[in-house]
Amino acid sequence: MAHSENLIATVSTKGQIILPKTIRQRRKWEAGTRLIVEETAEGVLLRQAPAFSQTKPDDVFGMLPFNGEPKTLEDMEIGVLAEAAAVTASNSQMASNP
């Protein structure tokens, strides 16, 4: 999404800048949005920071406690299908009784 308009922002005495409203709206950057500031050969690049830091499965594996027999893939599939059926039945009942 390259735009060729030249907008100007001024650096305050505190080193702050206000990004033009059109850019904030186009990027959906609201107050509190975290930005990554990267210095490049052409100038400064701003990118929205990810909401969560990148993790690998090994970083979070076993974080939730579980006491009991390990579940097999078949057990998990049966549980997922049972829950899906319950949600579908609940939605059908709500639709028929407005």
Side-chain angles (χ1 to χ4, degrees):
M1 177 189 308
H3 293 276
S4 62
E5 59 188 313
N6 289 322
L7 303 172
I8 300 200
T10 304
V11 179
S12 76
T13 56
K14 293 182 178 182
Q16 300 168 329
I17 63 167
I18 297 174
L19 296 173
K21 186 175 184 178
T22 56
I23 291 175
R24 295 191 320 264
Q25 287 176 334
R26 191 179 310 135
R27 296 283 176 182
K28 297 180 178 145
W29 288 348
E30 298 176 356
T33 299
R34 295 174 38 117
L35 301 175
I36 296 170
V37 181
E38 182 181 330
E39 189 171 6
T40 70
E42 294 82 24
V44 176
L45 172 66
L46 298 176
R47 291 183 287 126
Q48 187 166 349
F52 301 100
S53 59
Q54 188 173 3
T55 58
K56 295 176 263 176
D58 287 343
D59 296 337
V60 295
F61 183 76
M63 294 294 284
L64 298 176
F66 177 74
N67 296 325
E69 286 286 318
K71 303 295 182 198
T72 66
L73 290 176
E74 292 80 18
D75 292 337
M76 288 186 264
E77 187 170 337
I78 290 168
V80 168
L81 291 174
E83 183 62 22
V87 169
T88 301
S90 175
N91 289 344
S92 295
Q93 186 178 24
M94 288 175 48
S96 63
N97 297 327

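Side-chain heavy atoms closer than 4.5 Å link hydrophobic residues (I, L, V, M, F, W, Y) into clusters, and following such links, possibly through other members, connects V44 to L35.
In terms of the salt bridge (charged side-chain N to carboxylate O under 4.0 Å, His left out) criterion, E42 has no residue partners (sequence neighbours excluded). Shown here are the side chain to side chain contact (heavy atoms under 4.5 Å, CB included) partners of S12, two or more places apart in sequence or in another chain: K14, Q16. By the salt bridge (charged side-chain N to carboxylate O under 4.0 Å, His left out) test, R34 pairs with no residue at all, sequence neighbours left out. In this structure, the side chain to side chain contact (heavy atoms under 4.5 Å, CB included) partners of V11, at least two apart in sequence or on a different chain, are I17. Annotation: side chain to side chain contact (heavy atoms under 4.5 Å, CB included) contacts of E38 (sequence neighbours excluded): T40, L45, R47.
Among residue pairs with one or both ends in residues 48-64, those qualifying as side chain to side chain donor-acceptor pair (under 3.5 Å) are W29-Q48; sequence neighbours excluded.
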Check residues 69-82 and write down every donor-acceptor pair under 3.5 Å in which the side-chain atom is one partner and the other belongs to a residue at least two apart or another chain.
residue	atom	partner	partner atom	Å
T72	OG1	E74	N	3.4
T72	OG1	E74	OE1	3.4
T72	OG1	D75	N	3.0
T72	OG1	D75	OD2	3.2
D75	OD2	T72	N	3.3

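Shown here is I36, whose CD1 atom has more than 12 heavy atoms of other residues, nucleotides or ligands within 6.0 Å.
Applying the side chain to side chain contact (heavy atoms under 4.5 Å, CB included) test between L46 and each of I23, T33, L19 identifies L19 as the sole match.
Side-chain atoms of T88 come within 3.5 Å of backbone N or O of A84 as a donor-acceptor pair.
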